[in-house]
There are 2 protein chains.
Amino acid sequence: MPKLVDPAARRLEVVDAVFRVVVRDGLAQASLRNVADEAGLNIGSVRHYFAGHQELMLFAMRSMLDRVSHRLARHIEEAPDLATASGAERRAVMDGLLCELLPLDDVRRAEVTVFVEFMTAARTDSALGDLAREAAEGSRGLITRILYRLSARGDLRPGLDPDTEAVRLWGLIDGLCLNSVLHPDLLSPDACVTALRGHLAQITTDSDADGHSTRGR
Amino acid sequence: MPKLVDPAARRLEVVDAVFRVVVRDGLAQASLRNVADEAGLNIGSVRHYFAGHQELMLFAMRSMLDRVSHRLARHIEEAPDLATASGAERRAVMDGLLCELLPLDDVRRAEVTVFVEFMTAARTDSALGDLAREAAEGSRGLITRILYRLSARGDLRPGLDPDTEAVRLWGLIDGLCLNSVLHPDLLSPDACVTALRGHLAQITTDSDADGHSTRGR
DNA sequence: TTCTTTTTATCACGGGCGTGATACATTGGT
DNA sequence: ACCAATGTATCACGCCCGTGATAAAAAGAA
């Protein structure tokens, strides 16, 4: 017989409530009382599962980052074997992976919104600082690794430095995310992917490594 | 004989205090009391010059945006006449103008920090919403206009659409700003300009419009 | 001077916050 | 049945907040 309440599940319910409050009203409104109301719980219950406000915020931020990581990991697992893929296929994989970071649907839009809120809050909240740094290094590192792989296979346009291209792509993606979340009517999801695709098209070669020309789109 | 206190100057002093608090502790800490303390004033004095907290925040945000606008306007005034400029000169002007938006020194870093704080807050604070939208349209519009001019003079690489390039450049700049402000140790000012220059080099032709080839670097 | 306006300084109120402490209810094992 | 552990629900305290009201001080004009 299953226990009536699964503590881990409860914590996740509370975290989901945190996310909803953050998306709707901003991180500043994510007080214990507001979160408890949003979760349909009593504040006492919330406090039973989290030592205090700070631990809740920390756990929520960590959960958000884990969620993104897992989504990316799943995407990587499902990717075809890069060793046997053609140049076009390799570029498609990269395209799909990076698009996964953009707020293209409601789920990812909410996630990116929460991401932005926590990251900006971490600038002045030392409790979140370590996690923010870790996340930033992770995303930047991932993009850097992708570009190095591209470069190693000759998919990166000659003359381009993978490191500075990583900075550029990192900034572009974060900028698209930010503007899309802050000004959804000025930057539609379609415009986001168009901008990203345009960028990728410019920094990658558009011919197959085997020599087959795949010009145009 | 000058009046002992100039109301307009006082308001600016208070706004400066707001900016210092926002940069140091975040927008959430910019309460009337904290701001008054930072300005070395009594909370009563602050309230004498501002109707309330909301008006202060609105005025501070507007001041910040005006400051950026004026800096850009000054930069444009000092620019050489584009009609008689060579292609390289035109690209240098654009380079300088866009670099003005990046947090390359302490002054601009503080400004961008305040910008990010207010813009993200505006997402859920309806009082700041209009201003934020105006600012976003302004920055995006400026970049769009620049690229259209470039395109008209043939400085933009053939095959590139000024509008989607504007989205891309807009996102890149905002992303560099964001990452530089949130993770200064992961993205130095130098890395910012390198990334931006690399981008501009890729979307512009590197030959003069008069036909002189300046290929290579 | 006297009077009016401007500026500075306090007080008090209601409200939201995190949190410690505590009581009550429910559960699951013995 | 009993009990210990777990989960729920409140209360109270101190803190900070924005704000209305009001007093006190300073400045400038008559």
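Naming convention: chains lettered A, B, ... in sequence-line order (proteins, then strands); numbering from 1 in each chain. It should be emphasised that the depicted structure is a prediction, and the values quoted were computed from it without experimental measurement.
- For the side-chain contact (heavy atoms from CB on, under 4.5 Å) with B:Leu169, the qualifying choice from B:Thr164, B:Thr144, B:Ile143, B:Asp174 is B:Ile143, the only one to do so.
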| Summary of protein contacts for nucleotides 18-23 of chain D, nucleotide by nucleotide, where a base hit scores B, a sugar-phosphate-only hit scores S (4.0 Å, heavy atoms) | BBBB--
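- Taking atom CZ of residue A:Arg11 and atom P of nucleotide D:dT6, one finds them 15 Å apart after rounding to whole Å.
- Using a 4.0 Å cut-off between charged side-chain N and carboxylate O, A:Asp16 and A:Arg67 make a salt bridge.
- Taking the charged nitrogens against the carboxylate oxygens, B:Glu78 and B:Arg74 have no contact shorter than 4.0 Å, which rules out a salt bridge.
- Using modelled atom types, one finds no donor on one side chain facing an acceptor on the other under 3.5 Å when comparing B:Ser63 with B:Arg11.
- In terms of phosphate contacts, A:Asn34 brings a side-chain nitrogen or oxygen within less than 4.0 Å of OP1 or OP2 of C:dC17.
- If you take CG of A:Asp6 and C1' of D:dG7, they are 13 Å apart, rounded to a whole angstrom.
- Using a 3.5 Å distance cut-off with no hydrogens or angles, the side chains of B:Arg109 and B:Ser180 do pair a donor with an acceptor.
- Straight-line distance from the CG atom of B:Leu41 to the P atom of C:dA9: 8 Å, rounded to whole Å.
- Legend: residues meeting salt bridge (charged side-chain N to carboxylate O under 4.0 Å, His left out) with B:Arg197, ordered by chain and number and at least two apart, are B:Asp95.
- In terms of position along DNA chain D, the nucleotide closest to A:His48 lies nearer the 5' end than the nucleotide closest to the other residue of the pair A:Asn42 and A:His48.
- Here D:dG7 presents its C1' atom at 15 Å from CZ of A:Phe50, a figure rounded to the nearest Å.
- Contact check, A:Tyr49 against D:dT6: no side-chain N or O comes under 4.0 Å of OP1 or OP2.
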